[in-house]
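Before any comments, here is the structure.
The first residue of the sequence shown is numbered 1, and numbering continues consecutively from there.
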Amino acid sequence: MKRLLSAALLAAAMSSAAYADTIKVGIVGPFSGPFALQGKNFKAGIDAYMAINGRKVGNHEVEIIYRDVPQADPAQSKALAQELIVKEGVQYLGGFYFTPDAMAATPLLQQANVPMVVMNAAASAIVTKSPYVVRTSFTIWQTVSPMAQVAFDDGARKVVTVVADYAPGHDAEAAFKAGFEKAGGSVVEQLRMPMSTADFSPIMQRIKDSGADGLFVFLPSGPPTLGFVKAYNENGLKAAGIKFFAPGDLTQESDLPALGESALGLQTTFHYAVSHDSPENKAFVAAASKVIGNAAELSFPAVGAYDGMHVIYKMIEATGGKQDAEKAVGAVKGLSWTSPRGPVSIDPESRHIVENIYLREVTKAADGTYYNKEIRAFEKQGDPGLAAKK
Ligand code: PHB
């Protein structure tokens, strides 16, 4: 079976080695189920990019083919990536909301001669799994490291960490502990929760009982983050003065209407706020709002996808439409541009995006809506997670 699959991959790599009129791009993400809004944001970012930049690169028409993996499911992700390569003949893979889904598809890339552009998945290690992975989102180490210092500067000394029990959660736990202890604080308890956790009351009780003066949390954006922030309020932790520290996954813009007052004042660190004040972001938000249909649904996966398309267009340009993963990836090493999030570049060594990380605070606008207001920038951050693991 394994050999048969390998033969099919090789055949796919060779059959589309000729110049193609249509370049197919396969996007794997959650397009149904509880995380469907995150996948909808992938699509909004891709559609916005193509609305602004056209659907052609040179003479080549770009066609996007979507495949749905509703929850983190590495086996399904790998099977769909394989199907996209072998049956659909895609020259590029992209998307990947969850780390395990991205990880699972990396063994296919080299043999199939296909680059992968990760548009969300954020465990540091993904880029080390294949030389054909490029990432345009963020890593958990990148967004969390500045938060550890912010927490100490805010007066917190004893913090409980709470994370989803999978690779990005483990990265978050390690990144916060490293930064917070270096600053002089201590992590008094480390709690890990199954990804499927929906009732956060027991964990809130444990945090209260721990005597900590703050909590740090990372969960994948979607129903878990909405549930956690609600529970933080409803279980009286906010009222008790237990400080809240988290990366921006916990206060994504699309959750803010449902969170309302309970999110007000929460500070998070992240690579993108929908409110970012720049001409590039205004153009992006206008185009993405139009395609998503409701501006309040816009969130960070859209910008990862938008910039991911920029990278794929540059790869198609550099290869003249020919399937050559090594040349394609080589062409974007060191690439820099102005993203809707601010200035970015692809680090030539790690193939991960270098970007500003912003400290933001959930703020009420004059019209009564809530938004993440940028209050400080940590400029040109690489991924500290790769160095930490060496
Ligand atoms: C991931 O699985 O890598 C992931 C998912 C959702 C997030 C961040 C990271 O908000």
Side-chain angles (χ1 to χ4, degrees), residues 20 22-31 37-67 84 88 90-97 102 114-121 133-138 252-254 271-276 278-295 297-321 328-329 331-332 335-346 351-355:
T22 299
I23 311 279
K24 294 184 182 175
V25 178
I27 302 290
V28 175
F31 298 106
L37 189 54
Q38 309 306 106
K40 195 173 175 187
N41 269 278
F42 272 170
K43 190 162 188 307
I46 290 166
D47 286 348
Y49 189 84
M50 295 176 86
I52 292 173
N53 298 283
R55 310 189 69 82
K56 281 182 126 182
V57 183
N59 290 326
H60 306 285
E61 182 85 22
V62 178
E63 182 188 342
I64 311 291
I65 304 175
Y66 292 95
R67 287 294 179 268
L84 283 165
E88 298 289 349
V90 301
Q91 283 195 29
Y92 297 90
L93 281 174
F96 299 99
Y97 187 68
V114 168
M116 173 196 276
V117 178
V118 175
M119 298 174 174
N120 186 69
V133 179
V134 178
R135 174 162 40 200
T136 57
S137 49
F138 60 100
Q252 67 167 337
E253 282 80 358
S254 54
H271 60 300
Y272 179 64
V274 175
S275 68
H276 183 70
S278 73
E280 291 80 11
N281 191 47
K282 286 202 171 70
F284 165 73
V285 169
S289 300
K290 204 167 154 194
V291 293
I292 208 166
N294 173 7
E297 287 187 349
L298 273 189
S299 182
F300 64 95
V303 87
Y306 182 86
D307 287 322
M309 284 311 292
H310 179 65
V311 162
I312 290 172
Y313 271 38
K314 288 288 171 197
M315 289 174 165
I316 296 172
E317 206 176 279
T319 52
V329 172
V332 300
L335 183 71
S336 64
W337 71 99
T338 306
S339 157
R341 71 190 92 173
V344 298
S345 65
I346 301 295
R351 291 161 274 106
H352 175 67
I353 195 162
V354 176
E355 59 194 337

Q: Show the numbers, then the answer: is there a side chain to side chain contact (heavy atoms under 4.5 Å, CB included) between V57 and I23?
A: CA-CA 9 Å; V57 183; I23 311 279; over 6 Å; no
Which value, rounded to the nearest 0.5 Å, describes the distance between [X] atom [atom1] and [Y] atom [atom2]?
X    : Y    : atom1 : atom2 : value
T136 : R351 : OG1   : CZ    : 13.5 Å
Q38  : M119 : CD    : CE    : 15.0 Å
E317 : I312 : CD    : CD1   : 13.5 Å
I292 : K40  : CD1   : NZ    : 5.5 Å
R135 : S137 : CZ    : OG    : 5.5 Å
I46  : N41  : CD1   : CG    : 11.0 Å

Check: [Y] main-chain N/O paired with [X] side-chain donor or acceptor under 3.5 Å:
X    : Y    : value
S289 : A295 : no
D47  : A288 : no
H352 : V134 : no

So, for [X] and [Y], which heavy atoms are closest and what is the spacing to 0.1 Å?
X    : Y    : value
V114 : L93  : CG1-N, 3.7 Å
E253 : L298 : CB-O, 3.6 Å
F42  : F96  : CE1-N, 3.6 Å
Y92  : A328 : OH-CB, 4.1 Å
N120 : Y97  : ND2-O, 2.8 Å
L37  : S254 : CD2-CB, 3.7 Å

Q. Would you call E61-K24 a salt bridge at under 4.0 Å N-O?
A. no
Q. Are side-chain heavy atoms of I65 and V25 found at a separation under 4.5 Å?
A. no
**Q.** E63 side chain reached by E88 side chain, heavy atoms, under 4.5 Å
**A.** no
Q: Kindly determine whether V332 and M315 satisfy side chain to side chain contact (heavy atoms under 4.5 Å, CB included), including the steps that lead there.
A: CA-CA 7 Å; V332 300; M315 289 174 165; 3.7 Å; yes
Q | Verdict with reasoning, F300 to F138, per side chain to side chain contact (heavy atoms under 4.5 Å, CB included) | A | CA-CA 10 Å; F300 64 95; F138 60 100; 4.0 Å; yes
Show me, pair by pair, the donor-acceptor contacts under 3.5 angstrom made by side chains of residues 301-311, not counting sequence neighbours?
from	atom 1	to	atom 2	distance (Å)
D307	OD1	W337	NE1	3.0
D307	OD2	S339	OG	2.6
D307	OD2	R341	NE	3.2
D307	OD2	R341	NH2	2.7
H310	ND1	Y49	OH	3.1

(Q) Counting neighbours of NZ on K314 that are heavy atoms of other residues, nucleotides or ligands and sit closer than 6.0 Å, is the number greater than 12? (A) no
Q: Check step by step if side chain to side chain contact (heavy atoms under 4.5 Å, CB included) holds for Y313 and M50.
A: CA-CA 10 Å; Y313 271 38; M50 295 176 86; 3.4 Å; yes
